[in-house]
There are 2 protein chains.
Amino acid sequence: MADCITCKNKNCLINKNSTDPRLADFLKNKHTIKCKKSQQFIMEGTPAHGLFFAYEGKVKVVKTGVNDREQIVRFAKDGEIIGHRGGFGSSKYYSISAQALEDSTLCYFSKEDLKNILLNIPKLTFDFMLFYADELSESETRVRKLAQMSVRERVIDTLLFMDRKFGSTDQLLNIRLSRKDYADYSGTTEEQVIRILSTLKKEGLLNAKGRKLGILDFETLQNEISKHTYSPNS
Amino acid sequence: MADCITCKNKNCLINKNSTDPRLADFLKNKHTIKCKKSQQFIMEGTPAHGLFFAYEGKVKVVKTGVNDREQIVRFAKDGEIIGHRGGFGSSKYYSISAQALEDSTLCYFSKEDLKNILLNIPKLTFDFMLFYADELSESETRVRKLAQMSVRERVIDTLLFMDRKFGSTDQLLNIRLSRKDYADYSGTTEEQVIRILSTLKKEGLLNAKGRKLGILDFETLQNEISKHTYSPNS
DNA sequence: GTAAAAAACTGCTTTATAGCAGGAAATTTT
DNA sequence: AAAATTTCCTGCTATAAAGCAGTTTTTTAC
C-alpha cells in the first residue's frame, strides 16, 4: 500500500509507469488517506490541490444540481483516478464532489508533483491523455443516452453497467447503491427507479436479496436497450 | 495555411508548440482538406486513421441515435480538434461523426505521426491532456444539464452557449443552425425547439432575421437558468 | 435489543414533453 | 421566375415522467 511498485492495481496509471527511475522521488511524496463509508473527500468548487487515486473501495463522483437532485457523473474503483484535472488544468477548483460508497483507501498526489513528472515523462503523460480521451468518449455516450433513452431504458442500462464495472457474485451485483443513487446516475427520480426495479422483479429479470440487486436475465435486458447500443462505444 | 508556424489560430495545440524544432518533420506531413457545407468528413464506426483540426469554418460533432434523432456532442471552430482520440487511443474506430456546417478547411495528421510526436514532446502531450480534461469537464456538465434542466431551460442554455462560442454581430448569432440542430444539441425534438423559440420571440427575448437568431435580453435569459449554473463549470 | 431514522414502496394526480397532421414560409434547384 | 424541396410553424392529442402523500420495511444508532 505504501509502495506503488508492488501495488496490486495494475491498471493504475502510476503503477504502470512506476519502474521509471524518474518517478522515485515523486512516489515518496504520495499520501495515503482512509475514508469511511459516506465520507465526502472532494467538495465541488473548493480549490484543487491535487489528484486522488482509489486504492481500495468504491467511490461516486457527483455534480451538484438543483433541489435534491445530484448527478452522479461516474464511479471509481481500485486504481482509478478521482478529481480529474486536480488543479493542474485551466480551472483551479474541483468541478465535482466525490464520496466513498464503502470504506475506502485513497492515494493522493499534489498537483505540483504531478505537473512536474507529467512534463518530464511523456509516456506517463500520454497514458493520462488516453485516460481522459476515453473518459470523454464515455461521457459523450452518456450525453446521448440521457437525451434519447426512456427512463426504463436508462435504468436497465445502469444495471448492466454496474455488472460490467463491478461484476456480480452469486447473481448479485458487487455494489450496494440506494435507489436515490440509481436515480442520480440514470437521470430520473427515486420513485421512478423504485417503480421500474419492482416491475423488473415481477418480470423475473431482476433479483433482490435484501438491498442487493442481481441481474437474472441479461439477454432480455440487453435486447431491450440494444437499439441504442449498436454504436462502437458501449 | 500550409504553414503551422504562421497560422492565425493561436489557440491550436499544434500552433502553440510549432516552434519546437522536433515538430519540423511532423508538420511537413500535414494534409489540408476543403469541405463543402453539409459535407460529412468523419463517419462514426469507421476506422480512425488520424486527427482533424478545424482551420477555418464551423463543424458539428454528432453521435448517431435511434430514429432521426442524433445527438450533437460538440461544435468546433478555428483551431479546435475534431476526431478526438483519432485512433491512437484504445479504440481503433471513430466514436463520432463530423459534418461541416459551412464551407470549411481542415488540417489532418495521421495517428502514426501524432503518436510519434506526442511520445517525444511532453509539453505537447501535456497540452493535449489538458484539452481532453477540459472537454471532459464540459461534457460532464452537459450530462448534468441534460438530466436536470427542463426543455425550455436547455434551449435557452444552448442559445447562450452559441453566443459564447461563436459570438454575435448586430444582435445576431454568428452561426446558422436548423431547428433540428438546436433540438439535437438540446436533447429534444424539432417541434419543441420551434415552440420555445417562437415563445421567446413573443416575450421579446429573442430576435429573428430570416433564419438567423439573435439574443435580445441576455440578463433575463441568464436569470432563468441561473439556478443550474452557479457551479464552477459554466 | 429497542428506538429512531432512513430508505423503499404504492396509488393517485399533475405536468411536461413528445408525436402527429396539415399548412405556411423559406430556400434551393431547374 | 417557377417548381420542387426543405424547413418552419401551429393546434390537438397521447403518453411518459414527475410530484405528492401515506405506509411499510430496512438500516443505523444508542
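Residue numbers start from 1 in every chain, and the chains themselves are labelled A, B, ... in the order their sequence lines are given, proteins ahead of strands. Given the structure is predicted, the values throughout are model-derived calculations rather than measurements. Just the heavy atoms: all of them, side chains too, but no hydrogens, waters or symmetry mates, feed the values below.
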Checklist entry - Think B:Lys36 forms a cation-pi with B:Phe41, using NZ or CZ under 6.0 Å from the six-ring centre and within 45 degrees of its axis? => result no
Item to check | Result of checking B:Thr32, B:Asn9, B:Ile33, B:Leu106 against B:Tyr55 for side chain to side chain contact (heavy atoms under 4.5 Å, CB included) | outcome: B:Asn9
Item to check | pair B:Met43-B:Tyr94: side-chain heavy atoms closer than 4.5 Å | outcome: no
Next on the checklist: Can you measure A:Glu190 atom CD to D:dC20 atom P for me and round it to whole angstrom units?
Outcome noted: 13 Å
Next on the checklist: Whole angstroms only, please: what is the CZ-P distance between A:Arg152 and D:dA17?
Outcome noted: 11 Å
Item to check | Rounded distance in Å - CG (B:Leu213) to C1' (D:dT7) | outcome: 13 Å
Checklist entry - Does any donor atom in the side chain of A:Glu153 or A:His228 lie under 3.5 Å from an acceptor atom in the other side chain? => result yes
Item to check | Distance in angstrom units between B:Gln148 CD and D:dA18 P, rounded | outcome: 11 Å
Checklist entry - Can you tell me if the side-chain N/O atoms of A:Gln192 get under 4.0 Å from OP1 or OP2 in D:dA18? => result yes
Checklist outcome for this item: Ranking D:dC8, D:dC20, D:dT28 by distance to the side chain of A:Glu191, first place goes to D:dC20
Checklist entry - OP1 or OP2 of D:dT10 sitting under 4.0 Å from any side-chain N/O of B:Arg195? => result no
Next on the checklist: Side chains of A:Glu140 and B:Ser139 only: does a donor on one sit below 3.5 Å from an acceptor on the other?
Outcome noted: no
Checklist entry - When the nearest nucleotide of DNA chain D is assigned to A:Arg176 and to A:Met149 on a heavy-atom basis, which residue is associated with the more 5' position? => result A:Met149
Next on the checklist: Quick check on DNA chain C: between A:Ala147 and A:Ile194, whose nearest nucleotide comes earlier from the 5' end?
Outcome noted: A:Ile194
Item to check | Short side-chain N/O contact to D:dT7 OP1/OP2 from B:Arg211, under 4.0 Å | outcome: no
Checklist outcome for this item: To the nearest angstrom, the CZ-C1' distance between A:Arg69 and D:dA17 comes to 10 Å
Next on the checklist: Rounded to whole Å, please give me the gap between NZ in A:Lys212 and P in D:dT25.
Outcome noted: 23 Å
Item to check | Span of DNA chain C, from the first to the last nucleotide whose atoms fall under 4.0 Å of chain A heavy atoms | outcome: C:dA7 to C:dC12
Next on the checklist: Between B:Thr64 and B:Glu44, is there a side-chain donor-acceptor contact under 3.5 Å, judged purely by atom types and distance?
Outcome noted: yes
Checklist entry - Can you find a side chain N or O atom of B:Lys180 that sits less than 4.0 Å from OP1 or OP2 on D:dT6? => result no
Checklist entry - Would A:Tyr185 and A:Phe75 count as a close aromatic pair, with their ring centres under 6.0 Å? => result yes
